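The structure appears right after this line, and notes come after that.
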Amino acid sequence: MEGIKHKTINVNGISMHVAEKGEGPVVLLLHGFPEFWYTWRHQITALAASGYRAVAPDLRGYGDTEAPASITSYTCHHVVGDLVGLIKSLGEEKVFLVAHDWGALIGWYLCLFRPDLIKAFISITVPFRPRLLNIKPVAAMRAFFGDDYYMCRFQVPGEIEGEIAEYGTRQVLKKILTDRIPGPPLLPKGNPFGISSDFLSSTLPSWLSEDDLSFYADKYDQKGFTGGLNYYRALDLNWDLTAAWDGAQVKVPVQFIVGDLDMIYTTPGVKEYVHGGSFKRDVPLLDQIIVVEGAGHFINQEKPEEINAHILHFINKFQVNNIA
């Protein structure tokens, strides 16, 4: 954490908090749900020590970045617009992009809409998701996985926020961050997070300290979860807004990293897409697929040294070839 600088900038009509460290080519780090810039603490340090400028914003709705109230303010166009403004504010023509979970979804949109800004993209846990032709995302997920599927349960404003409040921010975050149940993730009403007395007394894994959990919980107690949940509530709107990109390929160099225990990777159909040729068809410059054994969803925190090595090996290739 030492030497990480924090600042607030104005981009795309909102104030955005950014953490950064280092000098050199920019590596833009995009977090997922339920996180903020802190998820990249290990990567920020490693990248800065290796001659890069690591830049980790809180995405809109998260952490110390502004959180507009309207769900319609969380579309892919809004968030990509924020990132375009951030990249311009850094004085960079192009950046390396590393993203996890919802950050990876936004990363795919950024690469699709503005490939001219991206040198190479490392997507962690979430592969590209081609646009469905005849059915909107939420209806498709209900049909495949049922009403208790987590993305479906997040749709009604205030509902899941109330259930989180009932069980407590700290315990819910502990459950989400440490859960190893294979996908698809389900949140049944009554006890959606499966928090039991045994869980309440359980110890944290070695990669997540009590101080780490407190840092997350304190921020979410201040900010709330609605901003992050609004990304899920804008899924169908994103489908409407991206009709012009139907069938479009992502044409930037890509490395994909996922844990073999990841809830997304173990969701039916995902492995077939990733390894069966469709992923490569949609992302023709896909360079490598890395499956890390014994790792869950929050892999950049669980196995930081291994993930740092993969990130640096990939982006260093572009530096050596003088094409960065």
Side-chain angles (χ1 to χ4, degrees), residues 4 19-22 24-32 35 37-57 94-108 110-111 115 118-129 177 180 205-208 212 250-266 270-271 273-275 279-280 282-324:
I4 296 178
E20 67 172 277
K21 184 177 183 179
V26 169
V27 181
L28 181 59
L29 303 160
L30 306 182
H31 67 82
E35 302 169 279
W37 74 266
Y38 186 73
T39 188
W40 298 112
R41 57 198 179 279
H42 305 296
Q43 287 70 44
I44 291 172
T45 301
L47 288 163
S50 300
Y52 292 95
R53 181 183 178 189
V55 178
K94 289 190 172 189
V95 300
F96 292 111
L97 179 64
V98 181
H100 171 260
D101 188 78
W102 250 107
L105 284 173
I106 296 301
W108 288 115
L110 177 56
C111 291
I118 306 302
K119 298 173 183 177
F121 176 31
I122 298 173
S123 177
I124 301 176
T125 73
V126 177
F128 182 67
R129 291 183 175 179
L177 291 170
R180 291 299 188 92
S206 59
W207 57 267
L208 185 70
D212 293 334
V250 173
K251 294 185 177 179
V252 302
V254 169
Q255 181 184 71
F256 177 63
I257 306 173
V258 69
D260 65 346
L261 303 177
D262 185 277
M263 64 178 188
I264 295 173
Y265 185 63
T266 55
V270 175
K271 290 181 183 179
Y273 174 77
V274 168
H275 300 290
F279 192 11
K280 180 68 173 179
D282 294 332
V283 186
L285 299 181
L286 179 64
D287 181 79
Q288 192 176 15
I289 297 170
I290 298 170
V291 181
V292 179
E293 292 186 7
H297 185 64
F298 297 94
I299 190 171
N300 55 306
Q301 298 181 76
E302 292 179 35
K303 294 184 177 289
E305 292 184 1
E306 186 171 350
I307 299 307
N308 294 346
H310 287 310
I311 291 171
L312 287 166
H313 181 263
F314 186 59
I315 64 177
N316 283 342
K317 292 193 300 184
F318 297 88
Q319 297 296 96
V320 170
N321 293 331
N322 293 318
I323 61 173

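Since this is a predicted model, take the numbers as computed values, not measurements.
Just one residue in the list V254, I290, D287 forms a side chain to side chain contact (heavy atoms under 4.5 Å, CB included) with F314, and that residue is D287. Exactly one residue among D262, I257, N300 makes a side chain to side chain contact (heavy atoms under 4.5 Å, CB included) with T125. That residue is D262.
Note that CD1 of I311 and CZ of F96 are 12.0 Å apart. Values are rounded to the nearest 0.5 Å. Distance NZ/K303 to CD/E293: 9.0 Å, rounded to 0.5 Å. Residue R41 holds its CZ atom at 13.0 Å from CG of L29, rounded to the nearest 0.5 Å. A distance of 8.0 Å separates CD in E35 from CH2 in W40, rounded to the nearest 0.5 Å. Here the straight-line distance linking atom CG of N316 with atom OG of S50 works out to 7.0 Å at 0.5 Å rounding. Rounded to the nearest 0.5 angstrom, L30 CG and H100 NE2 are separated by 12.0 Å.
The number of heavy-atom neighbours closer than 6.0 Å to NZ of K251, taken from other residues, nucleotides and ligands shown, is 12 or below. The environment of NE2 in H313 is sparse: at most 12 heavy-atom neighbours from other residues, nucleotides or ligands sit within 6.0 Å.
At distances below 3.5 Å, not a single donor-acceptor pair connects side-chain atoms of W108 with backbone N or O atoms of S123. Within the 3.5 Å criterion, the main-chain N or O of G296 finds a donor-acceptor partner in the side chain of E302.
For V258 against Y265, the heavy-atom pair with the smallest separation is CG2-CB, 3.6 Å. H310 approaches Q255 most closely through the heavy-atom pair O-OE1, 3.5 Å. Smallest separation of non-hydrogen atoms from A54 and I44: CB-CA, 3.8 Å. Taking all atoms of both residues into account, the shortest heavy-atom contact from G22 to A48 is CA-CB, 3.8 Å. Closest non-hydrogen pair, F121 versus A104, comes out as CZ-O, 3.9 Å. Taking all atoms of both residues into account, the shortest heavy-atom contact from G294 to R180 is O-NH1, 3.6 Å.
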V98 vs Q43, test: side chain to side chain contact (heavy atoms under 4.5 Å, CB included). Steps then yes/no. CA-CA 10 Å; V98 181; Q43 287 70 44; 6.0 Å; no

Given Q301 and D212, is the side chain to side chain contact (heavy atoms under 4.5 Å, CB included) satisfied, shown in steps? CA-CA 11 Å; Q301 298 181 76; D212 293 334; 5.9 Å; no

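Counting only heavy atoms from C-beta outward, the side chains of R129 and Y273 never approach each other to under 4.5 Å. Side chains of L47 and I315 form a contact here, defined as non-hydrogen atoms less than 4.5 Å apart. Counting only heavy atoms from C-beta outward, the side chains of C111 and F128 never approach each other to under 4.5 Å. In this structure the side chain of P25 reaches within 4.5 angstrom of the side chain of K119, judged on heavy atoms.
Side-chain atoms of H297 and D101 form a donor-acceptor pair, as typed in the model, at a separation below 3.5 Å.
A centroid separation of 6.0 Å or more is found between the aromatic rings of H31 and F298.
Taking the six-membered ring where tryptophan is involved, the planes of F256 and F279 are perpendicular, since the angle between them exceeds 60° and thus also 30°.
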